[in-house]
Engineer: 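I'd like to ask you about the structure that follows.
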Amino acid sequence: MKRVLETAGGSIDAGFGKARPLPGSFRVAAIQMASGPHLDANLCEAERLIKMAADAGASLVALPEFFALMGMRDSDKVGIAEPFGRGPVQEFLARSARRFGVWLVGGTVPLKGHDDRRIRNSCLVYDKEGHCVARYDKIHLFEFQRAQERYDEAQTIEPGDEVVTFDSPFGRIGLSVCYDLRFPELYRAMGEVDLIFIPSAFTETTGRAHWEPLVRARAIENLAYVVAPAQGGYHMNGRETHGASMIVDPWGVILDQLARGSGVVMAGVNPVHQADLRSQLPALSRRRVPWEKGRV
């Protein structure tokens, strides 16, 4: 499917193109950014891209992890942490959902936790009236060290401890964030979901090796659409993120993808197609876990 691209004449439609969507079908968009250390500039860029997605017909739009700030230091996000329910980043998300009439998966927002030195890295979802309808706190915290490249999210982030799914006009949705992608048991714990969101900021090192196969695997094993908006490019703090934001169908087919830089990937979600695949391959209902008592 075509990507939504900026041209001199405006944006090019994507998803279903000019075809009328089938009953129950809709367009979903994943936004890619290369966020920097200036909050206002990042929010301005996010707003531009949300508008682009909405203008192209998206009903459901998702931002990447850390969309509001990629600071010069890891601790910078602690300085802009907001209490849940108020603050400029949350107000921006609610206002954008209302203004553009979309459901908005707000990447991640730094929320205050129990420790003043750490945040909750929280994915918040807003309906088209601007109401927050779901919150997921990232459970798995990234840790990696190779040569001079080192990350330890536990220094500035408190882990969450709850799996989050919720019902929406688009079906049942499961939420996860970035490093969660490496833990398939989290997605199994969601139960049967129709769409999975994975806002991310994968490093170039790990993303080049693992991002695409992991995203496609989560779609295939759960027979679910996966929407994976990502940070993609070089950041002012010296970090390089992999990008390759993508939307994948329940058969593991990449419907749209963007390699690097700011932009929007877009695809049509067809619940009938998904139901047909689950009927043809009833793997979700054939799962056997003999090591769990009573499941044989």
Engineer: Are the side chain of Glu158 and the backbone N or O of Asp115 linked by a donor-acceptor pair below 3.5 Å?
Structural biologist: yes
Engineer: Do Thr108 and Lys138 get their side chains close enough for a donor-acceptor pair, meaning under 3.5 Å?
Structural biologist: no
Engineer: If we count only N and O atoms by modelled type, under 3.5 Å, do the side chains of Thr241 and Gln231 hold a donor and an acceptor together?
Structural biologist: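 No.
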Engineer: For Ile198, is there any backbone N or O sitting under 3.5 Å from a side-chain donor or acceptor partner on Ser200?
Structural biologist: yes
Engineer: Is a side-chain donor or acceptor of Glu192 paired with a backbone partner of Leu284 at a separation under 3.5 angstrom?
Structural biologist: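 Judged by distance alone, no pair lies under 3.5 Å.
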Engineer: Report yes if some heavy atom in the side chain of Arg172 is under 4.5 Å from a heavy atom in the side chain of Met190; otherwise report no.
Structural biologist: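 Counting from C-beta outward, Arg172 and Met190 never come under 4.5 Å.
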Engineer: Should Val125 and Tyr136 be marked as a side chain to side chain contact (heavy atoms under 4.5 Å, CB included) after you check the CA-CA gap, both sets of side-chain angles, and the distance that decides it?
Structural biologist: CA-CA 9 Å; Val125 182; Tyr136 167 71; over 6 Å; no
Engineer: Please confirm whether the backbone N or O of Ala244 pairs with a side-chain atom of Trp211, one donor and one acceptor, at under 3.5 Å?
Structural biologist: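 A pair under 3.5 Å: yes.
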Engineer: CG/Leu39 to CG/Asp76 distance, rounded to the nearest 0.5 angstrom?
Structural biologist: 11.5 Å
Engineer: Would you say Ser245 and Pro64 make side-chain contact, with heavy atoms under 4.5 Å?
Structural biologist: no
Engineer: Flag yes if Phe144 and Ile139 sit in one hydrophobic cluster, no otherwise; membership is Ile, Leu, Val, Met, Phe, Trp, Tyr, and two members link when side-chain heavy atoms are under 4.5 Å apart.
Structural biologist: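 No, no single cluster joins them.
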Engineer: In terms of hydrophobic clusters joined by side-chain contacts under 4.5 Å, are Tyr151 and Phe183 together?
Structural biologist: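 Yes, one cluster joins them.
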Engineer: Nearest 0.5 Å please: distance from the CZ atom of Phe142 over to the OG1 atom of Thr206.
Structural biologist: 4.5 Å
Engineer: Can you confirm whether Val102 sits close enough to Lys128 that some side-chain heavy atom of one is under 4.5 Å from a side-chain heavy atom of the other?
Structural biologist: no
Engineer: Over all heavy atoms of both residues, which pair between Ala224 and Ile196 is shortest? Give the atoms and the distance, please.
Structural biologist: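 Here Ala224 and Ile196 meet closest at CB-CD1, 4.2 Å.
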Engineer: Quick one: CD on Glu82 to NZ on Lys112, what's the gap to the nearest 0.5 Å?
Structural biologist: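 So the CD of Glu82 and the NZ of Lys112 are separated by 9.0 Å.
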Engineer: With sequence neighbours excluded, tell me which residues meet ring pair (Phe, Tyr, Trp, His ring centres under 6.0 Å) with His235.
Structural biologist: none
Engineer: Please report the closest heavy-atom contact between Gln90 and Pro83, naming both atoms and the distance.
Structural biologist: NE2-O, 2.9 Å
Engineer: What is the minimum heavy-atom distance between Thr205 and Arg146, and which atoms define it?
Structural biologist: CG2-NH1, 3.7 Å
Engineer: Are side-chain heavy atoms of Leu69 and Val89 found at a separation under 4.5 Å?
Structural biologist: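 In short, these two side chains do not touch, never coming nearer than 4.5 Å.
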Engineer: Return the OG1 to CG distance between Thr165 and Leu195, rounded to the nearest 0.5 Å.
Structural biologist: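 Separation between the atoms: 12.5 Å.
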Engineer: When clusters are formed by joining ILVMFWY residues with side-chain heavy atoms under 4.5 Å apart, either directly or through shared neighbours, do Val164 and Val105 land in the same one?
Structural biologist: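 Linked, Val164 and Val105 end up in one cluster.
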Engineer: In terms of hydrophobic clusters joined by side-chain contacts under 4.5 Å, are Leu111 and Val78 together?
Structural biologist: no
Engineer: Quick check on the hydrophobic clustering: are Val177 and Leu175 connected, directly or via other members, by side-chain heavy-atom contacts under 4.5 Å?
Structural biologist: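 Hydrophobic grouping puts Val177 with Leu175.
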Engineer: Side-chain contact, heavy-atom cut-off 4.5 Å: Glu47 with Lys51?
Structural biologist: no
Engineer: State whether the side chain of Asp152 and the backbone N or O of Glu143 hold a donor-acceptor pair below 3.5 Å, judged by distance alone.
Structural biologist: no
Engineer: At what distance, to the nearest 0.5 angstrom, does CD of Glu153 lie from SG of Cys178?
Structural biologist: 6.5 Å
Engineer: Is Glu185 atom CD crowded by more than 12 heavy atoms from other residues, nucleotides or ligands, each under 6.0 Å away?
Structural biologist: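 Yes, because the 6.0 Å sphere around CD of Glu185 holds more than 12 heavy atoms from other groups.
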Engineer: Does some side-chain heavy atom of Val28 sit less than 4.5 Å from a side-chain heavy atom of Phe197?
Structural biologist: yes
Engineer: With Arg260 as the cation and Tyr234 as the aromatic partner, state whether NZ or CZ is under 6.0 Å from the six-membered ring centre and within 45° of the axis.
Structural biologist: yes
Engineer: Mind telling me whether Trp103 and Phe170 have parallel, tilted or perpendicular rings, with 30° and 60° as the class edges?
Structural biologist: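 Aromatic pair Phe170/Trp103 classed perpendicular.
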Engineer: Grab the two heavy atoms, one from Ile173 and one from Ser168, that are nearest each other, plus how far apart they are.
Structural biologist: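 The answer is CD1-OG, 3.4 Å.
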Engineer: Do Ile31 and Phe67 have side chains that get closer than 4.5 Å, going by heavy atoms?
Structural biologist: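 No - every pair of side-chain heavy atoms lies 4.5 Å or more apart.
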Engineer: When you measure from the side chain of Gln32 to the backbone N and O of Gly261, does any donor-acceptor pair fall under 3.5 Å?
Structural biologist: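 Yes, Gln32 side chain to Gly261 backbone: donor-acceptor pair under 3.5 Å.
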Engineer: Quick one: does Asp256's side chain have a donor or acceptor within less than 3.5 Å of a partner on Met266's backbone?
Structural biologist: yes
Engineer: Can you measure from OG1 (Thr156) to NZ (Lys77) and round to the nearest 0.5 angstrom?
Structural biologist: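 That separation rounds to 3.0 Å.
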Engineer: Please give me the minimum heavy-atom distance between Ile50 and Phe100, naming the atom from each residue.
Structural biologist: CG2-CD1, 3.6 Å
Engineer: Testing the 3.5 Å rule here: is there a donor-acceptor pair between the side chains of Asn121 and Tyr179?
Structural biologist: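 No - no donor-acceptor pair under 3.5 Å links their side chains.
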Engineer: Below 4.0 angstrom, N of the basic side chain to O of the carboxylate: do Arg278 and Asp194 qualify?
Structural biologist: yes
Engineer: Set out, in order, the CA-CA distance, both residues' side-chain angles and the distance that settles side chain to side chain contact (heavy atoms under 4.5 Å, CB included) for Arg118 and Ile157, then state yes or no.
Structural biologist: CA-CA 5 Å; Arg118 299 194 295 171; Ile157 298 175; 5.7 Å; no
Engineer: Is there a donor-acceptor pair closer than 3.5 Å between any side-chain N or O of Ser35 and the backbone N or O of Ala68?
Structural biologist: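 A pair under 3.5 Å: no.
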Engineer: Is it true that a side-chain atom of Arg120 and a backbone atom of Gly113 form a donor plus acceptor pair closer than 3.5 Å?
Structural biologist: no
Engineer: Go through the steps for Tyr225 and Asn270 under the test side chain to side chain contact (heavy atoms under 4.5 Å, CB included), then give the verdict.
Structural biologist: CA-CA 9 Å; Tyr225 283 90; Asn270 185 347; 3.9 Å; yes
Engineer: Do Arg218 and Pro184 make a side-chain contact, defined as non-hydrogen atoms from C-beta onward lying under 4.5 Å apart?
Structural biologist: yes
Engineer: For the pair Phe84 and Cys132, evaluate side chain to side chain contact (heavy atoms under 4.5 Å, CB included) and give the outcome as yes or no after the intermediate values.
Structural biologist: CA-CA 10 Å; Phe84 180 46; Cys132 185; 4.1 Å; yes
Engineer: When you measure from the side chain of Asn42 to the backbone of Gly36, do you find a donor-acceptor pair of N or O atoms at a distance under 3.5 Å?
Structural biologist: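 Checked: pair present.
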Engineer: Mind listing the closest non-hydrogen atom pair of Phe66 and Ala201 along with its distance?
Structural biologist: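 Looking at all heavy atoms of both residues, the closest pair is CD1-CB, 4.1 Å.
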